[in-house]
*Asks:* 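Just passing along the structure, written as structure tokens.
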Amino acid sequence: MTKGKPRASLRTVRAEGTHREIGIKIGRECKDIARRIDRRMKAYARDCYGRSPAEELARARKVLPASRRFAPGFVEELEGYAEGSGLDFDSVFASVCDPEWEMKGCTDIAVNERWTRDDCVFAAHNEDVEPHNYTDIVLARVFPDDEPGYIGMNYGGIMPTVAMNAAGISMTGNALEPNDVRLGIPKMVVVREILRAEGLHDALKLSMPPGRGHSFNNIVCDSNGEIYSMEGSATTFDALYAEDGHLVHTNHYVSPRMWRFESDMHTRFSSIMRYNRAKKLLKRELGEVTVATFKRILSDHVGHPESICRHPDPRLAEPERTRTIFSSVFDLTNKVAWVCYGNPCEGMYEKHEL
Ligand SMILES: [Zn+2]
């Protein structure tokens, strides 16, 4: 639909059956990525927190019982993944708990049928993370026996960061840095659980479980055009509803109720700029929004390199750099995912059915 060539092909995986069978299949197919993520989790614990691998694994084990109660199916998927990839389960679970996921940036836009050319509901997203994550993301189709199936962009094939399920629920969102972080259910577990929802009520409830240790801003939409930005911290949240049928979110708290949970507003300039810029660009196209609208907005370079389409800033040390590793648009009405692997200014969006 757009000019340009993808520079590398996006890996895909498909798995169905019990949660354990799903985990085993994905673990086998994504063994190489699982090992890379494991090595990095251990290096990050050492370099940033001075924790040994044993200490990091012990820390993760503390939140396993609560995670298992909240997300029994996902924990079984992780057990299967450990078996399939040949890693031990404690290491796999510690990767899910990895504080490095706190570094995610991202820009999100959701628009409902009121403003789109073909009456579709869209949830769009740029995934902004450390550049090395580019080779760790996999397009996954997951069909558990006992839940709606989903299509998502999964780290290591197993940890969804954005996805849409067969019940017409999408989960997208972005990182926040709340100041009330505690030991609790990891936010990567929470986002996976949203996808087992059969409807909006359950999706919203699953997006903010009591006892969580942290939170993304979880954007939850359904095919009826209901759009929520669940601005969470570890201990509370505000549910921002798209009253006018469209919404933008980046990486700072928008709700006045949540301002006091912001760790350090002085680190949010890219977020503030992307938020305002995306809102302005979207406003111009309201009523005529199509997938091409998101390509235009999500490729925007105002404020480069910390723009909506983010590129590594050579002035920063390597661990501080951020890049858009993929851009996605879920069409909840037609249950289709459009994914551009790499920066959207350079690539094309390809269509993937659920
Ligand atoms: Zn770009």
Side-chain angles (χ1 to χ4, degrees), residues 1-2 4-38 73-74 77-78 80-87 92 95-96 106 122-127 129 131-145 147-167 169-172 188 191-192 194-196 291 294-295 298 323-332 334-344 346-354:
M1 62 156 296
T2 44
K5 271 189 210 160
R7 287 147 304 154
S9 54
L10 173 61
R11 280 173 68 168
T12 63
V13 64
R14 187 184 196 285
E16 60 194 351
T18 65
H19 291 281
R20 191 176 181 89
E21 286 164 354
I22 286 167
I24 292 171
K25 178 147 194 265
I26 298 175
R28 278 194 191 127
E29 291 187 29
C30 300
K31 194 180 292 187
D32 54 324
I33 308 178
R35 287 170 188 276
R36 274 204 302 275
I37 290 177
D38 181 56
F74 185 44
E77 284 172 19
L78 296 171
Y81 188 77
E83 187 183 325
S85 64
L87 291 167
V92 167
S95 287
V96 173
C106 310
F122 291 118
H125 172 88
N126 265 9
E127 178 83 357
V129 284
H132 61 67
N133 289 286
Y134 179 61
T135 50
D136 294 348
I137 197 85
V138 175
L139 184 132
R141 290 179 177 85
V142 175
F143 300 94
D145 288 341
E147 290 173 10
Y150 75 82
I151 181 169
M153 294 296 283
N154 289 13
Y155 284 104
I158 197 81
M159 286 179 266
T161 180
V162 295
M164 167 181 63
N165 78 9
I169 300 286
S170 67
M171 173 282 291
T172 54
M188 292 300 270
V191 296
R192 165 66 184 89
I194 295 170
L195 301 170
R196 73 175 150 100
V291 175
F294 299 107
K295 157 87 178 169
L298 294 170
R323 177 196 167 185
T324 303
I325 62 161
F326 74 83
S327 182
S328 57
V329 182
F330 293 120
D331 172 346
L332 277 70
N334 295 300
K335 304 234 171 50
V336 169
W338 294 88
V339 179
C340 173
Y341 186 44
N343 284 92
E346 294 165 4
M348 56 193 282
Y349 287 68
E350 293 186 337
K351 186 178 177 181
H352 303 269
E353 314 270 352
L354 170 63

*Asks:* Taking the side chain as everything from C-beta on, heavy atoms only, tell me whether N334 gets closer than 4.5 Å to E353.
*Replies:* no
*Asks:* I'd like to know whether I26 forms a side chain to side chain contact (heavy atoms under 4.5 Å, CB included) with V142, so could you lay out the CA-CA distance, the side-chain angles of the two residues, the decisive distance to 0.1 Å, and finally the verdict.
*Replies:* CA-CA 9 Å; I26 298 175; V142 175; 4.2 Å; yes
*Asks:* Can you list the residues that meet the side chain to side chain donor-acceptor pair (under 3.5 Å) rule with N154, with sequence neighbours excluded?
*Replies:* Y150
*Asks:* Please enumerate all residues that pass salt bridge (Lys or Arg N to Asp or Glu O under 4.0 Å) together with D145, with sequence neighbours excluded.
*Replies:* none
*Asks:* For F294, check ring pair (Phe, Tyr, Trp, His ring centres under 6.0 Å) against everything at least two apart and list the hits.
*Replies:* F122
*Asks:* I'd like to check V339 versus M153 (side-chain heavy atoms, cut-off strictly below 4.5 Å). Are they in contact?
*Replies:* yes
*Asks:* Do you know the tightest heavy-atom contact between Y349 and S327?
*Replies:* OH-OG, 2.5 Å
*Asks:* Closest approach of I151 and L354, non-hydrogen atoms and distance?
*Replies:* N-CD1, 3.3 Å
*Asks:* Of all heavy-atom pairs between G23 and I158, which one has the smallest distance, and what is that distance?
*Replies:* CA-CD1, 4.2 Å
*Asks:* Are any non-hydrogen side-chain atoms of R11 and L139 less than 4.5 angstrom apart?
*Replies:* no
*Asks:* Go through the steps for E350 and W338 under the test side chain to side chain contact (heavy atoms under 4.5 Å, CB included), then give the verdict.
*Replies:* CA-CA 5 Å; E350 293 186 337; W338 294 88; 6.0 Å; no
*Asks:* Would you confirm whether N165, through its side chain, and L195, through its main-chain N or O, come within 3.5 Å as a donor-acceptor pair?
*Replies:* yes
*Asks:* Please lay out, stage by stage, how E83 and R28 fare under the test salt bridge (charged side-chain N to carboxylate O under 4.0 Å, His left out).
*Replies:* CA-CA 8 Å; E83 187 183 325; R28 278 194 191 127; 5.3 Å; no
*Asks:* Excluding sequence neighbours, so at least two apart, what forms ring pair (Phe, Tyr, Trp, His ring centres under 6.0 Å) with F74?
*Replies:* none
*Asks:* Would H19 and E147 count as a side chain to side chain contact (heavy atoms under 4.5 Å, CB included) here? Give the steps.
*Replies:* CA-CA 10 Å; H19 291 281; E147 290 173 10; 3.2 Å; yes
*Asks:* Do V162 and F326 come close enough that some side-chain heavy atom pair is under 4.5 Å?
*Replies:* yes
*Asks:* Is there side-chain contact between M159 and V96, with at least one heavy-atom pair below 4.5 Å?
*Replies:* yes
*Asks:* K351 and D331: salt bridge (charged side-chain N to carboxylate O under 4.0 Å, His left out), yes or no, with the steps?
*Replies:* CA-CA 10 Å; K351 186 178 177 181; D331 172 346; over 6 Å; no
*Asks:* Any heavy-atom pair between the side chains of I325 and P131 that's under 4.5 Å?
*Replies:* no
*Asks:* Could you check whether E127 and Y155, counting side-chain N and O atoms only, form a donor-acceptor pair closer than 3.5 Å?
*Replies:* yes
*Asks:* Just jot down the salt bridge (Lys or Arg N to Asp or Glu O under 4.0 Å) partners of K25, sequence neighbours excluded, or say none.
*Replies:* E29
*Asks:* What closest approach, in Å, do P144 and E77 show between heavy atoms, and which atom pair accounts for it?
*Replies:* CG-OE2, 4.5 Å
*Asks:* Please examine the side chains of C106 and H125, heavy atoms only from C-beta on, and report whether any two atoms are closer than 4.5 Å.
*Replies:* yes
*Asks:* For residues 131-144, pull every pair meeting salt bridge (Lys or Arg N to Asp or Glu O under 4.0 Å), keeping only residues two or more places apart or in separate chains.
*Replies:* R36-D136, R40-D136
*Asks:* So, taking the atom named OG1 in T324 and the one named CG in L298, what distance separates them when rounded to the nearest 0.5 Å?
*Replies:* 8.5 Å
*Asks:* So which atom in I37 and which in S95 form the shortest heavy-atom distance, rounded to 0.1 Å?
*Replies:* CG2-OG, 3.7 Å
*Asks:* How close do G84 and K31 get, heavy atom to heavy atom, and via which atoms?
*Replies:* O-CE, 3.6 Å
*Asks:* Is any side-chain heavy atom of F330 closer than 4.5 Å to a side-chain heavy atom of K335?
*Replies:* no
